[in-house]
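This report refers to the structure that appears directly beneath it.
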Amino acid sequence: MDNKTDKDLLLKGLKTIIFAVLALFTGPILLSFAFRYPEKNLYIPLLISGCLVCAFAIFLIFNGIKIIMSSIFKK
């Protein structure tokens, strides 16, 4: 029985986690810009894009963990 980790799939999962970490920093920065100046014209677009980036970061985290787990524990 050959129980080795699939290195290509592991790297794909780590890349996904790296993009998730970048999105985890970008989303709250956009939200803080939106909440800092609510009277500006860009309030609503920054608020919507910040929420979307935060939701996308959460999706990427779960997807990255799923890819990493499937590379370790093959089905």
Side-chain angles (χ1 to χ4, degrees):
M1 188 178 262
D2 190 57
N3 290 333
K4 292 192 177 184
T5 302
D6 186 4
K7 303 250 189 240
D8 294 330
L9 204 56
L10 181 65
L11 287 176
K12 182 181 175 186
L14 289 177
K15 285 179 189 176
T16 305
I17 294 291
I18 288 171
F19 285 124
V21 169
L22 291 175
L24 279 173
F25 284 109
T26 306
I29 288 172
L30 289 174
L31 286 174
S32 69
F33 285 155
F35 289 136
R36 188 172 301 153
Y37 303 110
E39 66 276 352
K40 299 286 183 181
N41 292 337
L42 289 177
Y43 174 70
I44 298 296
L46 280 176
L47 188 67
I48 291 171
S49 63
C51 290
L52 288 176
V53 169
C54 288
F56 186 63
I58 293 170
F59 170 75
L60 283 177
I61 288 172
F62 283 117
N63 197 17
I65 291 173
K66 181 179 132 189
I67 292 170
I68 290 172
M69 286 298 153
S70 67
S71 76
I72 295 172
F73 307 110
K74 295 178 186 170
K75 292 183 180 181

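Residues: numbered from 1 along the sequence shown.
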Residue from Leu10, Asp6, Thr5 passing side chain to side chain contact (heavy atoms under 4.5 Å, CB included) with Asp8: Asp6
Connected via hydrophobic side-chain network under 4.5 Å: Leu31 and Ile44: yes
Minimum-distance pair of heavy atoms, taken over all atoms of Leu22 and Thr26: O-OG1, 2.8 Å
Linked, directly or transitively: Leu30 and Phe25 (ILVMFWY side chains, under 4.5 Å): no
Heavy-atom closest contact (Ala23 atom, Pro28 atom, distance): O-CD, 4.3 Å
Set of side chain to side chain contact (heavy atoms under 4.5 Å, CB included) partners for Leu52, sequence neighbours left out: Ile48
Side chain to side chain contact (heavy atoms under 4.5 Å, CB included) partners of Phe59, counting only residues at least two apart: Phe56, Asn63
Common cluster, Leu14/Leu24, ILVMFWY with side-chain heavy-atom separation under 4.5 Å: yes
Heavy-atom side-chain contact between Leu46 and Phe35 under 4.5 Å: no
Criterion side chain to side chain contact (heavy atoms under 4.5 Å, CB included) on Ile65 and Ile17, from CA distance to verdict: CA-CA 8 Å; Ile65 291 173; Ile17 294 291; 4.2 Å; yes
Minimum heavy-atom distance between Ser70 and Leu9, given as atom pair plus value: OG-CD2, 3.6 Å
Distance-minimising heavy-atom pair for Ala20 and Ile61: CB-CG1, 3.6 Å
Within one Ile-Leu-Val-Met-Phe-Trp-Tyr cluster: Leu47 and Tyr37, side-chain cutoff 4.5 Å: no
Shared hydrophobic cluster for Leu42 and Ile29 (ILVMFWY, side-chain gaps under 4.5 Å): yes
